[in-house]
Amino acid sequence: MIRVRFFARVREQLDCELLELPWEPRYGTLDGLQAALEQRGEPWGDVLRQPNLIRAVNQAVVSTNAILQAGDEVAFYPPVTGG
Amino acid sequence: MIRVRFFARVREQLDCELLELPWEPRYGTLDGLQAALEQRGEPWGDVLRQPNLIRAVNQAVVSTNAILQAGDEVAFYPPVTGG
Amino acid sequence: MVRPLVRDRFAVSIQTEPFVTEALQKALHEREAGAIVTFTGYVRACNDGAAITALELEHYPGMTENSLRAILDEAAQRWSVLAATVVHRVGLLAVGEPVVWVGVSSAHRGDAFTACEYVMDYLKTEAPFWKKEHGDTGSRWLEARASDSERARRWQLP
Amino acid sequence: MVRPLVRDRFAVSIQTEPFVTEALQKALHEREAGAIVTFTGYVRACNDGAAITALELEHYPGMTENSLRAILDEAAQRWSVLAATVVHRVGLLAVGEPVVWVGVSSAHRGDAFTACEYVMDYLKTEAPFWKKEHGDTGSRWLEARASDSERARRWQLP
C-alpha cells in the first residue's frame, strides 16, 4: 500500500485528504505516482500540474524525482504559510 | 553654582558623589572645570586623567570641550556597562 | 541524527490552546543564560488591505514537529544556544490571538537574537503550516511571500 | 524633539522591582501588530570565569530615562515600530534575576527583530548604567566590552 496526503488549497481543490492505494509497480517513483494520479481526470490533472506544488516522501520534502516503496507516505501541498 | 556628579568606579575612587560649587569664571568651559578639579590634589588628578573617562553636560555626553554656565550639571563617569 | 543530550533542551509543541509566554520563557531560563530573545506572531486585523475576522491554521501532523526540530537542531549547530522552544497553534484563531512563539536562551545576546530570527525565517518557509483567512468578503488561502523566501536565503551557507 | 503622538507608545521604566514579561508584552500588543520581539537580560552565575553571587546596578537618574527615550525615538525613525518598551532594574540583583527587558511590536517581524536588537546595542553602549559584580573573591566594577562597541557601530548610518 502507498499512502498519499493532500493539504490546504490542494486538499480542497481535490476534495481529498488521504488516498490509500494498493501497491502497483507504476508507483515505484514519485513522478510515476504523480502521473498515475493526474490520469484520474479533472480536477486531478490541473491541480497536480500547478506550479510550485511541493512534494514530500515520508515527511521530507523532495525537490526532484524519488524511488518509492510499498508503505511509503507521499504528500502534495502548496508552499507553506505558517508562522 | 555648578553641580558636578560622579558615578560608579569614579565615584568610589573620589569618594564623592556630588559637588555643588559656587560659580567661578574658571568653570566657564568643561576643560576649565576639569583642570580645577584635578588641582584638588590626589586622588582627583589621577582619577580624572584616566583614559576613557566620559563627560556629560546637562545629561548629554560631550566628546570635546564645551561652554559651561552657572546652573549647569556636569558628570564624570566610566564607560557604561548596563543591559 | 540522534543527539539526546541536546534534544532535551529543545521543545516543540503544536497545539490548539493559547500559550502563556511567561511560563514558556521561565522554562527556557537557566543559570548560565544571560539572554533570552522571544518572537510572538499574532493574527493581524488587516492583511494586504483586507479586513480579517479569523485565521484558520492547517498543518501536517508528524512532519511539522520533525521539521521544527530539524530547524532547532540546525540553529544549535550554528550558534551557541542553551535552550530553545517553538510553540505553534493550529485550528481557528481570532484577530489579536497569538499564533506562534519562538524563544531562544543563550549566554550572550548576539546568539539569541540571531538564532531566534533564523528559526522564524525557516519556520515560515519550511514547516508545513498553511493559513486560510476568513473575512467579510469570504475566505482565501494565503499565498507564500517572496520576501519570506529571500529572508530564508540570507542564512544559506556558501 | 517633541513628538507626543509617537512618544505615547514608547515607555521607559527604571525600577528596583522585578517585572512580569507577560504583562509588559500584553501592553505592547495592538490590532495591527503581527510581531512582538522581546529581549530579557539576566544575571549570569558566571562571568569571564568568576563565580558571581550578586550584581549591583547603578545609574544616572534622569539622564538614563532621557537616553533610553532617545534610543527608542531613533529606532522608531529608522524602522516601522508600533510600540516599544524598555524596563531596566537597578540596585542589588541575585543570580538568575532579570535585569533588563526590551520589547518591540511591529506589523512584520523584520522590523521588530531589527529594532529590538538596535535598542539593546545602544542601551549597552550609551545608557548610563554601571554594573558591579559581587563574588566569593570580592567585588569589581565591570569593564566595558569592545565587542559591545563594535555591535553598536554596525548601526551607524553612512
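These numbers were taken from a predicted model, which means no experiment stands behind them. Hydrogens, waters and symmetry mates are skipped; everything else that's a heavy atom, side chains included, is used. First the proteins, then the strands, lettered A, B, ... as listed; each starts at 1.
- One distance of note links CZ of D:F113 with CZ of C:F113; it measures 8.5 Å at 0.5 Å rounding.
- Using a 4.5 Å cut-off between heavy atoms, D:A33 touches chain C through its backbone atoms (N, CA, C, O) alone.
- For chain D, no part of C:V99 is nearby; none of its heavy atoms comes within less than 4.5 Å.
- Interface remark: C:A112 contributes no atoms to any contact with chain D (heavy atom separation under 4.5 Å).
- Proximity to chain C (any heavy atom under 4.5 Å) is restricted, for D:V95, to the side chain, taken from C-beta onward.
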Once you leave out hydrogens and angles, what donor-acceptor pairs under 3.5 Å do chain C and chain D share?
| unit_1 | atom_1 | unit_2 | atom_2 | d |
| --- | --- | --- | --- | --- |
| C:T21 | N | D:E22 | OE1 | 2.9 |
| C:T21 | OG1 | D:E22 | OE1 | 2.6 |
| C:E22 | N | D:E22 | OE1 | 2.7 |
| C:E22 | OE1 | D:T21 | N | 2.9 |
| C:E22 | OE1 | D:T21 | OG1 | 2.6 |
| C:E22 | OE1 | D:E22 | N | 2.7 |
| C:Q25 | NE2 | D:T40 | OG1 | 2.7 |
| C:Q25 | NE2 | D:Y42 | OH | 2.8 |
| C:R31 | O | D:A45 | N | 3.1 |
| C:E32 | O | D:R44 | NE | 3.4 |
| C:G34 | O | D:Y42 | N | 3.0 |
| C:I36 | N | D:T40 | O | 2.9 |
| C:I36 | O | D:T40 | N | 2.9 |
| C:T38 | N | D:T38 | O | 2.9 |
| C:T38 | O | D:T38 | N | 2.9 |
| C:T38 | OG1 | D:T38 | OG1 | 2.5 |
| C:T40 | N | D:I36 | O | 2.9 |
| C:T40 | O | D:I36 | N | 2.9 |
| C:T40 | OG1 | D:Q25 | NE2 | 2.7 |
| C:Y42 | N | D:G34 | O | 3.0 |
| C:Y42 | OH | D:Q25 | NE2 | 2.8 |
| C:R44 | NE | D:E32 | O | 3.3 |
| C:A45 | N | D:R31 | O | 3.1 |
| C:R109 | NE | D:D121 | OD1 | 3.1 |
| C:R109 | NH1 | D:D148 | OD1 | 3.0 |
| C:R109 | NH2 | D:D121 | OD1 | 2.7 |
| C:R109 | NH2 | D:D148 | OD1 | 3.2 |
| C:D121 | OD1 | D:R109 | NE | 3.1 |
| C:D121 | OD1 | D:R109 | NH2 | 2.7 |
| C:D148 | OD1 | D:R109 | NH1 | 3.0 |
| C:D148 | OD1 | D:R109 | NH2 | 3.2 |

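- Using a 4.5 Å cut-off between heavy atoms, D:V20 touches chain C through backbone and side chain atoms alike.
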